[in-house]
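Accompanying notes for the structure given below.
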2 protein chains.
Amino acid sequence: MITSNELLRGTLRTIVLKLLYEYGRMYGYEITQRVKELSGGEIQLTFGALYPTLHKLEKEGVLTTTSEVVDHRSRKYYELTKVGEATASTKIEEYFAFIGNMDKIMSAQSKIA
Amino acid sequence: MITSNELLRGTLRTIVLKLLYEYGRMYGYEITQRVKELSGGEIQLTFGALYPTLHKLEKEGVLTTTSEVVDHRSRKYYELTKVGEATASTKIEEYFAFIGNMDKIMSAQSKIA
DNA sequence: TTTGAATATATAATTTTCTTATATATGATT
DNA sequence: AATCATATATAAGAAAATTATATATTCAAA
């Protein structure tokens, strides 16, 4: 299980934005569960990283929050703003571009079989 | 050009190990140039991140150094140790596994067209 | 001839980001 | 009664990266 793989560094914002872009409003716990589920249990976000990131994105105007009480437990839903949707869209594109470039490096071969 | 894309965070060790694994001994400047070349100019490593990483890997016994003077300029070559080769091999596998998992997240779709 | 670009390594200060630990609280299961 | 799952959050510390700076040589152009 990848919890603190160094490669996870730098991907948190991108993951959060992608999920909110795709699924609409979500709450923090839900985001961690969705990531776990989608990755077949391999990627597990930590709350200590997630919440500060969500709060930062809110402060930046990328997302807005609405609180609800469900089953006597409070939930805080996060949703992309209009600006946030554009941000997410850009980040998603940047992700695929970056992976394409990384792939060129990580698939490089000096010795041809 | 991706110089300080946040996605680059956490990939430096992996990139360095991959290049040394594939090309054998290289010097710091050469690593930055190879990365730039392989990525079509899109990924540019910074020295402030590269050298501390190389020194740390040396300290960990992952690589060894040999200094040479070429054209009156000193070069410090880095080479994987036997332990380092195993480390690199593992890291390379981990990279592809991680990307596979990220892909599941980044390709998720809620709305089927 | 001197200025700038390319080559080459390195460190220090600061900032950003993440990990780990901790706190709080409810509901369901054992 | 205890533990697991659900739910949010912060604080201390560590790790990693950015930005700035320093040093020095070679080569080409102005």
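Side chains included, hydrogens not; waters and symmetry mates left out as well; all remaining heavy atoms used. First the proteins, then the strands, lettered A, B, ... as listed; each starts at 1.
Separating the CG atom of A/L50 from the C1' atom of C/dA21 is a distance of 17 Å, rounded to the nearest angstrom. Between B/R34 atom CZ and C/dT7 atom P the separation is 13 Å, expressed in whole Å. Between A/R75 atom CZ and C/dT24 atom P there is a gap of 24 Å when expressed in whole angstrom units. Between the CG atom of A/L54 and the C1' atom of C/dC18 there is a distance of 14 Å, given to the nearest Å. The CD atom of B/E58 sits 11 Å away from the P atom of C/dT11 (whole-angstrom rounding).
For the side chain to side chain contact (heavy atoms under 4.5 Å, CB included) test, residues two or more places apart in sequence or in another chain that qualify with A/F47 are A/Y29, A/T32, A/Y51. With sequence neighbours left out, A/F96 forms a ring-ring contact (aromatic ring centres under 6.0 Å, His included) with no residue at all.
Among residues at least two apart or in separate chains, salt bridge (Lys or Arg N to Asp or Glu O under 4.0 Å) pairs with a member in residues 47-68 of chain B are B/R13-B/E60, B/R25-B/E68.
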Sub-3.5 Å pairs of nitrogen or oxygen atoms, protein against nucleotides 27-30 of chain C:
unit_1	atom_1	unit_2	atom_2	d
C/dG27	O4'	A/R73	NH2	3.3

Could I get a table of every N or O pair under 3.5 Å where one atom is in the protein and the other is in nucleotides 13-16 of chain D?
unit_1	atom_1	unit_2	atom_2	d
D/dA16	OP2	B/K56	NZ	3.2

Query raised in the report: For A/I31 and A/L54, what are the C-alpha separation, side-chain angles and deciding distance, and is it a side chain to side chain contact (heavy atoms under 4.5 Å, CB included)?
Result: CA-CA 11 Å; A/I31 292 172; A/L54 287 170; 4.2 Å; yes
Query raised in the report: Does the pair A/E6 and B/K91 meet the rule for a side chain to side chain contact (heavy atoms under 4.5 Å, CB included), with working shown?
Result: CA-CA 10 Å; A/E6 64 180 356; B/K91 282 276 175 198; 2.9 Å; yes
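In terms of position on DNA chain C, the residue among B/H55 and A/T53 whose nearest nucleotide sits closer to the 5' end is B/H55. Residue-to-nucleotide proximity on DNA chain D shows that, of B/T11 and A/F47, the 5′-proximal contact is made by A/F47.
Which of D/dT6, D/dA9, C/dT7 sits closest to the side chain of A/Q33 comes down to D/dT6.
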Below 3.5 Å, can you tabulate the donor-acceptor pairs from side chains in residues 71-80 of chain A to any protein atom, sequence neighbours excluded?
unit_1	atom_1	unit_2	atom_2	d
A/R75	NH1	A/Y77	OH	3.1
A/R75	NH2	A/Y27	OH	3.2

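The shortest distance between side-chain heavy atoms of A/V16 and A/L50 falls below 4.5 Å. Using a 4.5 Å cut-off on side-chain heavy atoms (C-beta onward), A/L7 and B/I99 make no contact. The closest side-chain heavy-atom distance from A/I43 to A/K36 is not below 4.5 Å.
Using a 4.0 Å heavy-atom distance criterion, A/Y78 is classed as a sugar-phosphate-only contact. Among the heavy atoms of the strands lying under 4.0 Å from B/G28 are primed sugar atoms or P, OP1, OP2 only; no base atom is included.
Considering only side-chain N and O atoms, A/Y27 lies under 4.0 angstrom from the phosphate OP1 or OP2 of D/dA7. Contact annotation: A/T46 side-chain N/O to C/dT19 OP1/OP2 distance is under 4.0 Å.
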